[in-house]
*Asks:* 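Handing you this structure, nothing more for now.
Along the sequence shown, the residues carry numbers beginning at 1. Because the structure is a prediction, the values reported are computed rather than measured.
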Amino acid sequence: MTTLRDHVRDIQARAPTLARMTVVSLGILAVASVGLLLDDRQLGGAPVWLKPAKFGLSSAVFLAALAWMVRDMPASRLTRFASATIAWLMVAEILLVTLQAARGRQSHFNVDTPMDGTIFSTMGLGIAIVWMLSAVLLVQHLRAPAVDRSLAMAFRIGLALHIVGAGVGWVMVQPQPGQVAAIERQERPFRVGAHTVGAPDGGESLPVTGWSRTHGDLRIPHFIGLHALQLLPLFVLAIRALRRRRDDAAERSALTLAAGASVALFATALLQALAGHPLAPLT
């Protein structure tokens, strides 16, 4: 019987860079967690180390899921290049977020100084490359024979939703009304883009996530899309565990419903955010 340790060893052998960078991301999460305990500075109404902690965790689960997905693909130079490049760029992204937190500076939308602008532009370029290479891996996986048909279907739909969810980031970085004019008037700090729709970032928000309670927030559909890559495969495994046996037809039927619900949830959250409506408005 294949154990979890066997799966981990197989992943380390077939997707070594993704596996190593998963561990590095968890290390960054640990460092940021210590920062949350020892550093009481605030940035944008939240603890300064909260964003590196969230990004470290998000990076770790993304790279781990991708490593599992890549494990079941035939080895090729393109697959190795794409997966390794994604792994390194994700860790570089989190390190830049951590650097800005240590400096007490916003990492996203911040073009207040040449250094801030360079960091933000570098992060954007890195994520654009990750986005394109994720699409490459999806195409490669679609072409490969499925080792486990239900899990293959879950990973493929999950990665497709991840790519669409990541694309919401391009909406976030568009200049908000008045931002360009404010920069031209030399009103600092200089910002380009925002998470919220209809107002500057900040104000009343949900705990931990920081999602706005007064305006639309693009981080919500962004989050839903990004983490479908983990949730849909876990859904298949949960069904398998509850039934205590594999039934590909039943699993794929349930997965189709779950995937449809995920797409509907993503679309609803995106439309709600673009309309300027918060997820949980103040009462």
Side-chain angles (χ1 to χ4, degrees), residues 17-39 41-67 83 85-111 115-116 118-131 133-134 158-159 161-163 165-173 191 193-196 201-202 205-212 217-231:
T17 307
L18 286 168
R20 286 195 293 269
M21 293 303 106
T22 297
V23 175
V24 172
S25 296
L26 290 173
I28 296 171
L29 168 61
V31 170
S33 298
V34 172
L36 284 170
L37 294 173
L38 302 180
D39 190 344
R41 287 180 298 164
Q42 298 279 310
L43 184 62
V48 71
W49 289 99
L50 182 59
K51 179 171 280 190
K54 291 192 296 185
F55 273 62
L57 177 59
S58 180
S59 174
V61 297
F62 168 57
L63 295 178
L66 205 60
S83 60
T85 303
I86 288 172
W88 281 105
L89 287 175
M90 286 302 300
V91 168
E93 173 90 1
I94 310 309
L95 287 173
L96 289 175
V97 171
T98 304
L99 170 64
Q100 288 295 73
R103 296 177 64 226
R105 306 286 292 178
Q106 293 281 1
S107 55
H108 289 71
F109 317 124
N110 184 3
V111 294
M115 182 174 181
D116 292 327
T118 299
I119 289 174
F120 182 44
S121 298
T122 302
M123 291 168 59
L125 176 61
I127 290 301
I129 296 172
V130 168
W131 189 78
L133 291 178
S134 296
L159 185 54
L161 277 170
H162 174 97
I163 292 167
V168 176
W170 304 118
V171 182
M172 296 182 191
V173 299
R191 298 283 185 269
H195 296 120
T196 54
D201 285 343
S205 62
L206 293 170
V208 182
T209 63
W211 297 340
S212 176
D217 199 313
L218 292 166
R219 285 172 292 188
I220 300 171
H222 188 59
F223 177 89
I224 294 169
L226 288 183
H227 294 294
L229 179 59
Q230 295 86 45
L231 294 177

*Asks:* Find out whether S33 and L29 are in side-chain contact, i.e. whether some heavy atom of one side chain is under 4.5 Å from a heavy atom of the other.
*Replies:*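 The answer is yes, as the side chains (C-beta and beyond) meet within the 4.5 Å cut-off.
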*Asks:* Could you list the residues that satisfy side chain to side chain contact (heavy atoms under 4.5 Å, CB included) with R105, not counting sequence neighbours?
*Replies:*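 Counting only residues at least two positions away or on another chain, R105 forms a side chain to side chain contact (heavy atoms under 4.5 Å, CB included) with Q100, R103, N110, D112, T113, D116.
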*Asks:* Do H227 and V61 make a side-chain contact, defined as non-hydrogen atoms from C-beta onward lying under 4.5 Å apart?
*Replies:*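 They are in contact (side-chain heavy atoms under 4.5 Å apart), so the answer is yes.
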*Asks:* From I28 CD1 over to M90 CE, what is the distance, rounded to the nearest 0.5 angstrom?
*Replies:*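 Rounded to the nearest 0.5 Å, the CD1-CE separation comes to 10.0 Å.
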*Asks:* Looking only at non-hydrogen atoms, find the nearest pair between L229 and A65 and report the distance.
*Replies:*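 Closest approach of L229 to A65, heavy atoms only: CG-CB, 3.9 Å.
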*Asks:* Could you tell me the separation between the CH2 atom of W131 and the OG atom of S134, rounded to the nearest 0.5 Å?
*Replies:*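 Interatomic distance, W131 CH2 to S134 OG, rounded to 0.5 Å: 9.5 Å.
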*Asks:* Kindly indicate whether the side chain of H162, heavy atoms from C-beta on, has any atom under 4.5 Å from the side chain of L159.
*Replies:*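 Sidechains of L159 and H162: in contact.
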*Asks:* CG of L18 to CZ of F62: how many Å apart, nearest 0.5 Å?
*Replies:*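 One gets 8.0 Å once the value is rounded to the nearest 0.5 Å.
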*Asks:* What distance do T17 atom OG1 and I86 atom CD1 have between them, rounded to the nearest 0.5 Å?
*Replies:*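 So the gap between those two atoms works out to 11.5 Å.
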*Asks:* Can you label the angle between the H108 ring and the H195 ring as parallel, tilted or perpendicular, going by 30° and 60°?
*Replies:*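 Geometry flag for H195 against H108: tilted rings.
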*Asks:* If you take all heavy atoms of A53 and L36, which pair is closest and at what distance?
*Replies:*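 Minimum heavy-atom separation between A53 and L36: CB-CD1, 4.2 Å.
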*Asks:* Give the minimum heavy-atom separation between L63 and A87, together with the two atoms involved.
*Replies:*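 What the structure gives for the nearest pair is CD2-CA, 3.9 Å.
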*Asks:* Can you sort out the partners of H222 under ring-ring contact (aromatic ring centres under 6.0 Å, His included), two or more places apart, ordered by chain and number?
*Replies:*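 For H222, no residue satisfies ring-ring contact (aromatic ring centres under 6.0 Å, His included) once neighbours in sequence are set aside.
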*Asks:* Please find the pair of heavy atoms, one from P52 and one from T98, that lie closest to each other, and give the distance.
*Replies:*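 Distance-wise, the nearest heavy atoms are CB-OG1, 3.7 Å.
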*Asks:* Are any of the side-chain heavy atoms of R41 and P47 separated by less than 4.5 Å?
*Replies:*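 Not in contact.
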*Asks:* Among I94, L89, L96, exactly one meets side chain to side chain contact (heavy atoms under 4.5 Å, CB included) together with M123. Which residue is that?
*Replies:*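 The side chain to side chain contact (heavy atoms under 4.5 Å, CB included) with M123 is passed solely by L96 among I94, L89, L96.
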*Asks:* To the closest 0.5 Å, what do you measure between CH2 (W170) and CG (L218)?
*Replies:*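 These two atoms lie 14.5 Å from each other.
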*Asks:* Could you check whether any side-chain heavy atom of Q106 comes within less than 4.5 Å of a side-chain heavy atom of F120, counting everything from C-beta outward?
*Replies:*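 In short, these two side chains do not touch, never coming nearer than 4.5 Å.
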*Asks:* Do M21 and V24 have side-chain heavy atoms sitting under 4.5 Å apart?
*Replies:*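 M21 vs V24: side chains touch.
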*Asks:* Any donor-acceptor pair under 3.5 Å linking the side chain of R219 with the backbone of G210?
*Replies:*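 Checking the backbone N and O of G210 against the side chain of R219, a donor-acceptor pair under 3.5 Å is found.
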*Asks:* Which pair of heavy atoms, one from T209 and one from L206, lies closest together, and at what distance?
*Replies:*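 Between these two residues, the closest heavy atoms are OG1-CB, 3.5 Å.
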*Asks:* So, using ring-ring contact (aromatic ring centres under 6.0 Å, His included) as the criterion, who are the partners of W211 when residues are at least two apart?
*Replies:*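 For W211 the ring-ring contact (aromatic ring centres under 6.0 Å, His included) partners, ignoring immediate neighbours, are F223.
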*Asks:* I need the minimum non-hydrogen distance between S212 and T196, along with the two atoms involved.
*Replies:*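 What the structure gives for the nearest pair is CB-CG2, 3.6 Å.
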*Asks:* OG/S58 to NZ/K51 distance, rounded to the nearest 0.5 angstrom?
*Replies:*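 Result: 12.0 Å between the selected atoms.
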